[in-house]
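It should be emphasised that the depicted structure is a prediction, and the values quoted were computed from it without experimental measurement. The sequence lines fix the lettering, A, B, ..., with proteins before strands; numbering per chain opens at 1.
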Number of protein chains: 2
Amino acid sequence: MADTKLTAMSASKAEILDAAAEVFMRLGADTASIDDVARQLGSTKGRIYHHFPSKGVLLAEVCLRAADFVLQRVPPVITPDAAPEENLRQMILTHIPEVLRTLPYHKVIIQSYVGVQQKSTTALERELFAQIQLERKAYETLFRDVLQTGMQDGSFRAQNTSIALQSLLLLINAPVFWYHPRADEPDSFIRDLSAQLAEMALASLR
Amino acid sequence: MADTKLTAMSASKAEILDAAAEVFMRLGADTASIDDVARQLGSTKGRIYHHFPSKGVLLAEVCLRAADFVLQRVPPVITPDAAPEENLRQMILTHIPEVLRTLPYHKVIIQSYVGVQQKSTTALERELFAQIQLERKAYETLFRDVLQTGMQDGSFRAQNTSIALQSLLLLINAPVFWYHPRADEPDSFIRDLSAQLAEMALASLR
DNA sequence: AGGCAAACATACTACTGAGTATGCTGTCAA
DNA sequence: TTGACAGCATACTCAGTAGTATGTTTGCCT
């Protein structure tokens with residue numbers, strides 16, 4: 001799963017992150033133990049604690065990676081001189097397949113959206129979660145900008161920007177909640193799904 | 001908070017559920033301990049274990065109550081001979097304020113949506129979670145029906161029903177993720193918020 | 001009055017799970 | 001060759017937590 005790397009990372013570390021994302025997704029980040037992650041890897045705790053100083057940092061790096069995935073793909077498809085509608089459509093059509101490609105990571109980061117304030121003990125953990133917060137804000141800003149531009153030129157109807165933005169973001173992440181990859185699903189499924197959600201999102205703004 | 005009761009319940013038990021919902025919301029249902037809930041109540045564990053056989057059952061009853069809240073308010077506003085659009089609008093305008101009124105409960109039940117398969121040990125817990133599942137399905141069906149009716153009579157555009165339904169449900173629950181009651185917020189805020197989301201939801205379907 | 005549950009509080013037990021200390025093994029540079 | 005370090009495995013410690021067992025009080029019915 002892990003291929004593109006924004007920050008250089010050893011293959012072993014990436015493998016651990018994949019396993020952690022998978023296990024955290026299945027059992028929940030709190031419920032899952034480090035031993036569970038180790039079992040998924042076919043190794044023991046020692047390997048994990050050799051690369052990560054604590055469970056909190058491991059969780060933080062999983063979330064950070066989730067943010068990196070989309071932040072790497074979506075900005076390049078934004079073309080400043082295109083119509084807001086077309087920009088937003090392309091952003092959504094890029095966002096959704098990328099999210100579903102790296103689904104476990106996003107299922108984990110969504111857990112942290114639902115309240116659960118970290119009891120970040122160590123300074124490193126606080127720092128990482130602050131960075132996640134920053135990347136999240138940056139990602140939101142991409143959508144906020146295109147939204148505001150569209151409202152000004154009349155592409156989108158005028159309404160409370162924050163509410164519209166939050167709703168939009170949740171809408172394009174909706175598949176994270178219910179999508180399960182299936183063997184008998186046609187290759188075009190994700191493309192069609194993305195297209196339908198893009199239509200719904202755009203329609204909700206017009 | 002707890003006033004309307006679908007199943008008769010002692011005041012003390014309701015008070016425990018309120019506290020549990022609050023604490024589970026803040027710390028996450030897994031992280032939070034029974035002692036945390038007891039501390040929130042200003043009492044001790046004994047009181048909780050007198051009313052609930054296990055933490056799992058306590059969590060299940062919180063979720064069940066969350067489902068009950070909306071399931072009690074929304075069905076009455078559905079009028080079979082009204083237009084699908086108008087029915088759906090009224091459902092949303094009822095759903096959102098009720099959800100925000102009982103916010104902690106819904107923040108807890110949403111945690112369970114995000115993966116986390118219960119390790120329901122006892123039979124009672126499995127039974128309760130099965131009932132939650134049923135109520136959830138029943139609630140979804142309310143929306144699915146009005147959606148399909150609207151697609152047939154042309155009120156709504158034809159598209160994949162499941163995807164549209166899931167997106168719709170997430171959209172009307174979006175405030176659960178970001179809403180925080182504020183002292184300086186005007187009385188009309190929730191009403192306006194609900195109206196905007198209803199507009200967005202309806203627009204996304206047309 | 002008095003007894004008898006219900007409704008708690010107190011004081012335990014048993015166990016899980018994060019983190020650590022230390023041991024083992026291959027690899028690579030000097 | 002060797003030594004030294006990365007990359008793990010093994011075997012612990014210890015704090016926190018679910019659950020229990022047993023007291024103690026309070027209302028309530030007769």
Donor-acceptor contact below 3.5 Å, side chain B:D36 vs main chain B:S33: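 Side chain of B:D36 to backbone of B:S33: a pair is present.
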Rounded distance (Å) that lies between atom [atom2] of [N] and atom [atom1] of [X]:
| X | N | atom1 | atom2 | value |
| --- | --- | --- | --- | --- |
| B:K55 | D:dG16 | NZ | P | 15 Å |
| A:D30 | C:dT16 | CG | C1' | 15 Å |
| B:E125 | D:dG19 | CD | C1' | 12 Å |
| B:I16 | C:dA7 | CD1 | P | 10 Å |
| B:I34 | C:dA9 | CD1 | P | 14 Å |
| A:L124 | C:dG19 | CG | C1' | 15 Å |

I'd like to know whether the aromatic ring centres of A:H95 and A:Y139 sit less than 6.0 Å apart in this structure. yes
Kindly confirm or rule out a cation-pi arrangement of B:K13 over B:F52, judged by NZ or CZ under 6.0 Å from the six-membered ring centre and within 45° of its axis? yes
Charged N to carboxylate O below 4.0 Å: is that the case for [X] and [Y]?
| X | Y | answer |
| --- | --- | --- |
| B:E22 | B:K107 | no |
| A:R136 | A:E140 | yes |
| B:D68 | B:R65 | no |

Members of residues 37-53 of chain B that approach DNA chain D, where some heavy atom sits under 4.0 Å away: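 By residue number: B:K45, B:Y49.
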Report yes if a side-chain nitrogen or oxygen of A:S12 is closer than 4.0 Å to either non-bridging phosphate oxygen (OP1 or OP2) of D:dC8; otherwise report no.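 For A:S12, the contact criterion (side-chain N or O under 4.0 Å from OP1 or OP2 of D:dC8) is met.
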